[in-house]
Amino acid sequence: MILCVAKNGAPTPEAKHLSFFPSSECLSSLFFSKSLIIASMALLLQNPFLFSNHKTPSISLSHTTKSPAFKKSRKWPVTVRCFAVASPEIGKEDVLVGEEKGRVDVVDYDWTEEWYPLYLAKNVPDDAPMGLTVFDKQVVLFRDGNGEFQCYEDRCPHRLAKLSEGQLIDGRLECLYHGWQFEGDGKCVKIPQLPADAKIPRSACTKTYEVKDSQGVLWIWMSHKTPPNPAKIPWFENFARPGFRDISTTHELPYDHSILLENLMDPAHVPISHDRTDWTAKREDAQPLLFKVTERTDRGFAGWWGREAEKTTPNFLRFEAPCTLQNNREIVDKNGVTNYFSGLFLCRPTGQGKSMLIVRFGNTKRSPLASVFPEWYFHQNAGKVFEQDMGFLSSQNEILMREKVPTKELYINLRSSDTWVAEYRKWMDKVGHGMPYHFGHTTISMPKEAAVVEHAPAGFVASIAASSPAKGGIGTIHAPNLANRYFRHVVHCKTCRNALKAFEAWKNGFLVVAAVSVTFAILVSGRQWKALLLLSTAVCVAGAHACSTVLDMNTTNFIRIHRRL
């Protein structure tokens, strides 16, 4: 979402990418991006000396030519409302409401003819199917017996049971209701209830979806009418560079993907919402920003931004359809070596009021201190960042669904903070007609059907918790509740699941040894033995407490201490 702005002037990155690079100078006085906060200790991943003596890299303006459809100036209707000016200090020239007049440009767009980021390939389990959604389409993803990824419609053609509730038998996907088995292109290969000499009907096959693995991310093509277009699969140059390493993490979130994207492209909220999350955001750094839109196309927009006080816009942001936001920067050090940094956000709409985000933060140059911190530490800090936003973003989602009017009627977009938000909602005006539903700047289309809330298999308690996402649900850590960090992240991350299992085992081991030590301390008579055994008990209790702390860090939500509970 946001980036650090170099205090002494930043080198110019490629125009196709968004600049992002934290330095030691940034710590005290500069804005930091949500990319940096999500990576938590990202300062350890970079080399502060790079800003001391750097050369300005060349600007590449390739692929930034405006589409002919956008050479004409677009105009928007003006709506004057008595409360649009929040205070005497905010004038009409500061508010991005109705600054353009005229009709809305509509472009050809079909949401199914796009590749959506489905999952991180490394986190797909080997021994079980996974139920996922894109908008309201439910799919099941699994690895077959050959290790290949397969994706079907998530329902059995027999009685519509979810195949994701099934199991893998010899590389085949088995429906847990009656044991029908499917493989390859969705062909049904076994029906236990059929006589031995009976043929399996062709209608028993299930619908399939095309999936492709690109740079460690699985992408799904949603159309069954149009053949998959491999050229539309996003390619991120930095992730293919030699030596590039990233920390990737996945999170489910209880608000619409459009609200998520708004939040990720909003640098103004970081100092306030994430104040002192680690040491990268400070509320006293909140200030006006400068924005320059340099590109508008049928598939998104791009531009530069920076701090108004510094009169520069060294940071570059690019949004591309259907839901990709990229932040990049390249720095040339004193030896002439170019180092590359990326903050990449891949969003997937998972239904009304829900979304899934794949965060990829990486670079070609990192500090040796980065190896000191395990990956689960960065992941849990990312969870904290999202929880800091969760309350007001989910309430924003509720208001949009309730008011049923375009954002122009509800938002007060300021030039000095909300330019990207306004650009995004105006892009939605152009393509929203090709989506299941949308909230644009001047247009809106509501969902045709209400969202289906599923509570199984967690039971009654979890259903109560799920009825109020992001407001602090109840239930165990394993209940399917988007307010629960375990469900939002850990179930999607092999690294964190393995870490929790290990710490749980260590915790139990420490407690057993502590119990044995204190028992022997009571029974033995020698003072030295008693002291030694009591010391062993204290060490084991401390170890168990440390393991419990780690378990809590990965499963317990962040709660603002000023919130009334």
**Q** Distance check, rounded to the nearest 0.5 Å: Thr206 atom OG1 versus Gln150 atom CD?
**A**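 These two atoms lie 11.5 Å from each other.
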**Q** Quick one: CD on Glu262 to CE on Met265, what's the gap to the nearest 0.5 Å?
**A**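 The CE atom of Met265 is 8.0 Å from CD of Glu262, to the nearest 0.5 Å.
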**Q** State, to 0.1 Å, how close Leu533 and Ala521 come at their nearest heavy-atom pair, and which atoms those are.
**A**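 The answer is CD1-N, 3.5 Å.
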**Q** Which atoms form the tightest heavy-atom contact between Gln352 and Pro447, and what is the distance?
**A**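 Minimum heavy-atom contact is NE2-CB, 3.4 Å.
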**Q** Just by distance, no angles: are the side chains of His379 and His251 close enough, under 3.5 Å, to form a donor-acceptor pair?
**A**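 Looking only at side-chain atoms, His251 and His379 do not form any donor-acceptor pair under 3.5 Å.
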**Q** For Gln380 and Tyr377, indicate whether the former's side chain and the latter's backbone hold a donor-acceptor pair under 3.5 Å.
**A**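 Here the side-chain-to-backbone pair exists.
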**Q** Would you say the side-chain atoms of His489 and Asn554 include a donor-acceptor pair closer than 3.5 Å?
**A**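 Note: His489 and Asn554 side chains miss the donor-acceptor criterion.
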**Q** Are Ile220 and Val139 packed together at the side-chain level, in the sense that at least one heavy-atom pair is separated by less than 4.5 angstrom?
**A**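 They are in side-chain contact.
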**Q** Is it the case that more than 12 heavy atoms not belonging to Arg402 sit under 6.0 Å from its CZ atom?
**A**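 It does: Arg402 CZ has more than 12 such atoms within range.
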**Q** If you take all heavy atoms of Tyr116 and Cys323, which pair is closest and at what distance?
**A**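 For Tyr116 versus Cys323, the nearest heavy atoms are CD2-SG, 4.1 Å.
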**Q** Between the side chains of Lys501 and Asn498, does any donor sit under 3.5 Å from an acceptor?
**A**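 Note: Lys501 and Asn498 side chains miss the donor-acceptor criterion.
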**Q** What I want to find out is whether Arg241 reaches Glu237 closely enough, with some N-O distance under 4.0 Å, to be called a salt bridge.
**A**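 Looking at Glu237 together with Arg241, the answer is yes, because their closest N to O distance falls below 4.0 Å.
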**Q** Between CD1 of Ile522 and OG of Ser517, what distance do you get to the nearest 0.5 Å?
**A**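 One finds 11.0 Å between CD1 of Ile522 and OG of Ser517.
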**Q** Side chains of Gln388 and Thr277: donor-acceptor distance under 3.5 Å anywhere?
**A**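 On atom types as modelled, these side chains qualify, holding a pair under 3.5 Å.
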**Q** Is there side-chain contact between Thr350 and Leu132, with at least one heavy-atom pair below 4.5 Å?
**A**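 No, side chains not in contact.
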**Q** Run the numbers on Lys137 and Glu153 for salt bridge (charged side-chain N to carboxylate O under 4.0 Å, His left out), then give the verdict.
**A** CA-CA 8 Å; Lys137 302 297 183 182; Glu153 184 178 26; over 6 Å; no
**Q** Would you tell me whether Tyr437 and Asp256 have side-chain atoms, one donor and one acceptor, within less than 3.5 Å of each other?
**A**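 Result is yes, a qualifying pair exists.
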**Q** Any ring pair (Phe, Tyr, Trp, His ring centres under 6.0 Å) involving residues 518-559? Give me the pairs, sequence neighbours left out, ordered by first then second residue.
**A**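 Checked against ring pair (Phe, Tyr, Trp, His ring centres under 6.0 Å) - neighbours excluded - no pair reaches residues 518-559.
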**Q** Could you tell me whether the side chain of Cys156 reaches within less than 4.5 Å of the side chain of Tyr177, counting heavy atoms only?
**A**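 Heavy-atom side-chain distance check fails, nothing below 4.5 Å.
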**Q** Could you note down all residue pairs passing salt bridge (charged side-chain N to carboxylate O under 4.0 Å, His left out) where residues 206-215 supplies at least one of them, sequence neighbours left out?
**A**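 Non-adjacent pairs meeting salt bridge (charged side-chain N to carboxylate O under 4.0 Å, His left out): Glu210-Lys212.
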**Q** For the pair Gln215 (side chain) and Phe236 (backbone), establish whether a donor and an acceptor sit closer than 3.5 Å, ignoring hydrogens and angles.
**A**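 Such a contact is found between Gln215 side chain and Phe236 backbone.
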**Q** Would you please say whether a donor-acceptor pair under 3.5 Å links the side chains of Glu252 and His492?
**A**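 There is such a pair between these side chains.
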**Q** Would you call the rings of Trp506 and Phe510 parallel, tilted or perpendicular, where under 30° means parallel and over 60° means perpendicular?
**A**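 It falls in the tilted class, 30° to 60°.
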**Q** Do Ser394 side-chain atoms and Gly391 backbone N/O form a donor-acceptor pair below 3.5 Å?
**A**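 Yes; at least one donor-acceptor contact below 3.5 Å.
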**Q** Assess whether side-chain contact (heavy atoms from CB on, under 4.5 Å) is satisfied between His257 and Phe135, documenting all intermediate values.
**A** CA-CA 9 Å; His257 78 286; Phe135 279 113; 3.9 Å; yes
**Q** Is there side-chain contact between Asp127 and Leu168, with at least one heavy-atom pair below 4.5 Å?
**A**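 Result no, sub-4.5 Å side-chain heavy-atom pair not found.
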**Q** I'd like to know whether CD of Gln193 has more than 12 heavy-atom contacts from other residues, nucleotides or ligands below 6.0 angstrom.
**A**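 Yes, CD of Gln193 has more than 12 neighbouring heavy atoms, counting only those of other groups under 6.0 Å.
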**Q** Do Ser164 and Asp154 have a side chain donor and acceptor closer than 3.5 Å?
**A**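 On atom types as modelled, these side chains qualify, holding a pair under 3.5 Å.
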**Q** Tell me, please, which residues at least two apart from Glu148 pass salt bridge (Lys or Arg N to Asp or Glu O under 4.0 Å).
**A**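 Counting only residues at least two positions away or on another chain, Glu148 forms no salt bridge (Lys or Arg N to Asp or Glu O under 4.0 Å).
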**Q** Side chains of Leu118 and Leu141: does their closest heavy-atom pair fall under 4.5 Å?
**A**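 Side chain of Leu118 against side chain of Leu141, heavy atoms only: contact under 4.5 Å found.
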**Q** Should we count CG of Asp170 as having more than 12 external heavy atoms under 6.0 Å?
**A**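 For Asp170, atom CG is not crowded (no more than 12 foreign heavy atoms under 6.0 Å).
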**Q** Answer yes or no: is there a side-chain heavy-atom contact under 4.5 Å between Asp144 and Arg172?
**A**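 SC-SC contact between Asp144 and Arg172 ruled out.
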**Q** Measuring from Arg485:CZ to Met390:CE, what's the distance to the nearest 0.5 Å?
**A**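 The CE atom of Met390 is 9.0 Å from CZ of Arg485, to the nearest 0.5 Å.
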**Q** Check the surroundings of atom NZ in Lys530: do more than 12 heavy atoms from other residues, nucleotides or ligands lie under 6.0 Å from it?
**A**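 Check passes, neighbour count above 12.
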**Q** Between Leu344 and Phe239, is there a side-chain heavy-atom distance shorter than 4.5 Å?
**A**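 They are in side-chain contact.
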**Q** Looking at Glu387 and Arg488, is any side-chain nitrogen of the basic one under 4.0 Å from a carboxylate oxygen of the acidic one?
**A**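 Judged by the 4.0 Å cut-off on N to carboxylate O distance, Arg488 and Glu387 do form a salt bridge.
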**Q** Would you call Arg497-Glu504 a salt bridge at under 4.0 Å N-O?
**A**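 No.
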**Q** Which atoms form the tightest heavy-atom contact between Cys347 and Leu260, and what is the distance?
**A**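 That would be SG-CD2, 3.7 Å.
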**Q** As an exercise, state the distance from CZ of Arg155 to CD of Gln138, rounded to the nearest 0.5 Å.
**A**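 Here the interatomic distance stands at 9.5 Å.
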**Q** Return the CZ to CZ distance between Phe345 and Phe319, rounded to the nearest 0.5 Å.
**A**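 Reported value, rounded in 0.5 Å steps: 14.0 Å.
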**Q** Any heavy-atom pair between the side chains of Ile247 and Arg360 that's under 4.5 Å?
**A**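 Side chain of Arg360 against side chain of Ile247, heavy atoms only: no contact under 4.5 Å found.
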**Q** Of the options Tyr152, Phe182, Phe149, which is the one that meets Phe142 in a ring pair (Phe, Tyr, Trp, His ring centres under 6.0 Å)?
**A**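 Of Tyr152, Phe182, Phe149, ring pair (Phe, Tyr, Trp, His ring centres under 6.0 Å) with Phe142 is met by Tyr152 alone.
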**Q** What verdict does the ring-ring contact (aromatic ring centres under 6.0 Å, His included) test give for Phe503 and Trp376, after you've listed the backbone C-alpha separation in whole Å, the side-chain angles of each residue and the deciding distance to 0.1 Å?
**A** CA-CA 12 Å; Phe503 280 108; Trp376 62 258; 5.7 Å; yes
**Q** Looking at every non-hydrogen atom in both residues, tell me the closest pair between Thr364 and Pro242 and how far apart they are.
**A**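 Distance-wise, the nearest heavy atoms are CG2-O, 4.1 Å.
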